Amino acid sequence: MHVLILGGTTEARRLAELLEPEPVRVTSSLAGRVAGPRLPVGEVRVGGFGGTDGLVRWLHAQRVDALIDATHPFAETISFHAAEAAATAHVPLLALRRPGWVPAEGDTWHTVGSLDEAAAALPGLGSRIFLTTGRMGLAAFAGLRELWFLVRSVDPPQGACPPRMEALLERGPFTLEGERALLARHRIDVLVTKDSGGAATAPKLTAAREAGVPVVVVRRPPVPDGVPVATTADEAAARVRAMAAPAP
């Protein structure tokens, strides 16, 4: 059995580890947008497929028996390409999605549907913004000339950026103590984040709650209709094993 994992996430790497000792061939595919990514065990390919048609050709050529979409919850384009390609190639598809974050008592969240809506919500909330939505999409905030931004990302920002900005190049996981110190040191009064879920970057939400800092949360896009979802790597691995099990 050959399983293709569309990865780049912690859950994707964990799934590859769980399947590696199985009698299953696992190939992990990374988009290649991050320099020096953390590589999973097993076979790895880097780069796009050339859209839906390219992915269909790859599935056929490599005799893929199951496709796992374990990309970032905001990698909307590849998720829809995966759904279309799996249907065309008649390959079973499973989405692996970590649960989203849920506000706790004491949180002040402003939930929006896009980065543009996040930018529109900022005036009036504060003046020193901790922007943790990644290096892509900073153009949405480029027109906010009166606000100061601390932009945290793995790689340097590209394209249009806010004119008053400091880049902080770091990779999670992050600690609560570190996030508390960061908010205090930079006098942050608004946090902007995508609802990525997971524990690696969640401490910033706790630090913001403790400091009384409002949070603008960008709602994650939906999984394509009809695609089954697993919420943990263990659950996804169990489903793959069930696919690989010989018929009684």
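Given the structure is predicted, the values throughout are model-derived calculations rather than measurements.
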Looking at [Y], is its backbone amide N or carbonyl O close enough to the side chain of [X] to form a donor-acceptor pair, meaning the two atoms are under 3.5 Å apart?
X      : Y      : result
Glu20  : Ala16  : no
Arg13  : Leu15  : no
Asp189 : Ser127 : yes
Ser153 : Pro156 : no
Arg164 : Glu146 : yes
Thr132 : Val192 : yes
Trp101 : Gly198 : yes

Do [X] and [Y] share a hydrophobic cluster (ILVMFWY, side-chain heavy atoms under 4.5 Å, transitive)?
X      : Y      : answer
Leu94  : Val24  : yes
Val217 : Leu183 : yes
Val64  : Val46  : no
Val215 : Phe74  : no
Leu67  : Val229 : yes

Do [X] and [Y] have side-chain heavy atoms sitting under 4.5 Å apart?
X      : Y      : result
Leu191 : Lys204 : yes
Leu182 : Leu150 : yes
Val112 : Val216 : yes
Val44  : Leu30  : yes
Ile5   : Leu96  : no
Phe141 : Leu122 : yes
Leu19  : Val240 : yes
Leu4   : Leu59  : yes

Hey, could you give me the [atom1]/[atom2] distance between [X] and [Y], rounded to the nearest 0.5 Å?
X      : Y      : atom1 : atom2 : result
Arg180 : Thr175 : CZ    : OG1   : 9.0 Å
Arg98  : Thr231 : CZ    : OG1   : 12.0 Å
Leu18  : Glu235 : CG    : CD    : 12.5 Å
Leu147 : Met165 : CG    : CE    : 14.0 Å
Glu210 : Thr206 : CD    : OG1   : 6.5 Å
His72  : Ile78  : NE2   : CD1   : 14.5 Å

What are the two closest non-hydrogen atoms of [X] and [Y], and how far apart are they?
X      : Y      : answer
Leu144 : Pro163 : O-CD, 4.3 Å
Asp65  : Met1   : OD2-CA, 3.3 Å
Ser196 : Arg220 : O-NH2, 3.0 Å
Ala86  : Leu93  : CB-CB, 3.7 Å
Leu125 : His110 : CD2-NE2, 3.6 Å
Ala66  : Met243 : CB-SD, 3.7 Å

TODO: Tell me, please, which residues at least two apart from Trp58 pass ring-ring contact (aromatic ring centres under 6.0 Å, His included).
DONE: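 Partners of Trp58 by the ring-ring contact (aromatic ring centres under 6.0 Å, His included) criterion, ordered by chain and then number, come out as Phe49.
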
Open item on the list: Using the ring-ring contact (aromatic ring centres under 6.0 Å, His included) criterion, which residues pair with Phe130? Sequence neighbours excluded.
Closed with: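 With sequence neighbours excluded, Phe130 shows a ring-ring contact (aromatic ring centres under 6.0 Å, His included) to no residue whatsoever.
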
Open item on the list: Is it true that, when you exclude Arg185 itself, more than 12 heavy atoms of the residues, nucleotides or ligands shown sit nearer than 6.0 Å to its CZ?
Closed with: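 Yes, the 6.0 Å shell around CZ holds more than 12 heavy atoms from other groups.
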
Open item on the list: Please check if the number of heavy atoms outside Arg187 that lie under 6.0 Å from its CZ is greater than 12.
Closed with: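 Open.
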
Could you tell me whether [X] and [Y] have a side-chain N and a carboxylate O separated by less than 4.0 Å?
X      : Y      : value
Arg14  : Glu17  : yes
Arg219 : Asp195 : no
Glu179 : Arg152 : yes
Asp69  : Arg97  : yes

- [ ] Step by step, work out the side-chain contact (heavy atoms from CB on, under 4.5 Å) result for Val151 and Cys161.
- [x] CA-CA 10 Å; Val151 176; Cys161 296; over 6 Å; no

Open item on the list: Run Ile129 and Ile188 through side-chain contact (heavy atoms from CB on, under 4.5 Å) and show every step you take.
Closed with: CA-CA 6 Å; Ile129 318 301; Ile188 298 298; over 6 Å; no

TODO: Show your working on side-chain contact (heavy atoms from CB on, under 4.5 Å) between Thr9 and Thr71 and close with a plain yes or no.
DONE: CA-CA 6 Å; Thr9 60; Thr71 56; 5.5 Å; no

- [ ] Check the pair Val91 / Val56 against side-chain contact (heavy atoms from CB on, under 4.5 Å), numbers first and verdict last.
- [x] CA-CA 9 Å; Val91 172; Val56 169; over 6 Å; no

